[in-house]
Undergrad: 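Mind looking over this structure? Questions follow.
All values reported here derive from a predicted model rather than from experimental measurement. Atoms within each ligand, like the ligands themselves, are counted from 1 in listed order. These values consider heavy atoms only, across backbone and side chains, with no hydrogens, waters or symmetry-generated copies.
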Amino acid sequence: MEQLGMLYEGKAKQVYLTDERDKVIIRYKDDATAFNNVKKAVIANKGVLNNRISAMIFGRLRDAGVENHYISTLGDRDQLCRRVEIIPLEVVVRNVIAGSMARRLGIEEGTIPPNVIYDICYKAEALGDPLVNDHHAVAMGIVTYDELRVIYDMADRINATLKALFASTGVTLVDFKIEFGRTEDGRIILADEISPDTCRLWDAETGEKLDKDRFRRDLGHVIEAYEEIYVRLSRVVGLAL
Ligand code: UDP
């Protein structure tokens, strides 16, 4: 496998082409951003931890029958993935009210709703990734209603698998963001990453935040929280490295 030129650089990752047209190398960086790029920092070793954590989670999801882009881990920061065309939607799944939903609707953070809540946001940085609904997404030609059904069904299965996985490590999966991509043959599969950058993870006993909110809210001990998630997951998931 030979690494070729960079295809794309995002806030936390770089994507490289390879000599196999259907595969890319994803490199996890230490850069952290929040509030639509207003707050920026380098968190030493974050990329290494997120590469490992995301690999463990995607491996577990594959075992649970959720098709995804992860193929193998190549090194500390690099993973080999299937090349997909990212669907420009951030799909957020919420088991506990927190963050933007708590703020927007005036609900106390930590409130447990009777149902699981699914948000979709249009990935468009210039617009601040606005919250949209199914009809908006279809009207913009981003997805069809049939594809949305597939996406929500996968999000549901991902949530069930990850809630159980994190619960077994003493962590509550409060909410998370996922992204999907289309393969060359038109299948929709899970892509991007799942890590403390993209999830809210609270210690089930103490409620301590073990995720990117430590960075967003200046709570300190950011990397220690990511390490804690890595260590806890490693105890229950076979190491992907
Ligand atoms: N999230 C993310 N990327 C984003 C926005 C949100 O990974 O660009 C994750 C975030 O970490 C949380 C969930 O999606 O786990 C819900 O975030 P929310 O909508 O509450 O937004 P926030 O409070 O992060 O602005």
Undergrad: Minimum distance, heavy atoms only, to atom 8 (O) of ligand 1: which one of E90, E109, E179 is it?
TA: E90
Undergrad: Measuring only between side-chain heavy atoms, which start at C-beta, is V96 closer than 4.5 Å to W202?
TA: yes
Undergrad: Apply side chain to side chain donor-acceptor pair (under 3.5 Å) to residues D156 and Y118 and explain how you reach the verdict.
TA: CA-CA 9 Å; D156 209 27; Y118 303 88; 2.7 Å; yes
Undergrad: If you count heavy atoms of other groups shown closer than 6.0 angstrom to NZ of K40, is the number above 12?
TA: no
Undergrad: Can you tell me which portion of S100 lies within the under-4.0 Å heavy-atom range of ligand 1? Options are side chain, backbone, both, or neither.
TA: both
Undergrad: Report the part of V92 in contact with ligand 1, treating N, CA, C, O as backbone and CB onward as side chain, heavy atoms under 4.0 Å; options are side chain, backbone, both, neither.
TA: side chain
Undergrad: Taking all atoms of both residues into account, what is the closest heavy-atom pair of T33 and F215, and its distance?
TA: C-CE2, 3.9 Å
Undergrad: Salt bridge or not for R94 and D119, using N-O below 4.0 Å?
TA: yes
Undergrad: Given I194 and F58, is the side chain to side chain contact (heavy atoms under 4.5 Å, CB included) satisfied, shown in steps?
TA: CA-CA 8 Å; I194 300 179; F58 276 66; 3.6 Å; yes
Undergrad: Where on K212 is there a heavy atom closer than 4.0 Å to ligand 1, on the side chain, on the backbone, on both, or on neither?
TA: neither
Undergrad: What I'd like to find out is whether the side chain of Y226 reaches to under 4.5 Å of the side chain of R214, using heavy atoms alone.
TA: no
Undergrad: What residue and heavy atom of the protein are closest to atom 23 (O) of ligand 1, and at what distance?
TA: R200 NH2, 2.7 Å
Undergrad: Less than 4.0 Å is my threshold; does some heavy atom of D197 fall inside it relative to ligand 1?
TA: yes
Undergrad: Quick check on contacts: which atoms of ligand 1 are under 4.0 angstrom from a heavy atom of R103?
TA: 23 (O), 25 (O)
Undergrad: Could you check atom 15 (O) of ligand 1 against the protein and tell me its nearest heavy-atom contact, residue, atom and distance included?
TA: D175 OD1, 2.6 Å
Undergrad: Tell me which protein heavy atom sits closest to atom 11 (O) of ligand 1, plus the residue, atom name and distance to 0.1 Å.
TA: R216 NH2, 2.8 Å
Undergrad: State, yes or no, whether a side-chain contact exists between R187 and R182 at a heavy-atom distance under 4.5 Å.
TA: no
Undergrad: Which protein non-hydrogen atom lies closest to atom 3 (N) of ligand 1, naming both residue and atom, and how far is it?
TA: K177 CE, 3.6 Å
Undergrad: Counting from 1, what ligand 1 atoms have a heavy atom of G99 closer than 4.0 Å?
TA: 20 (O), 23 (O)
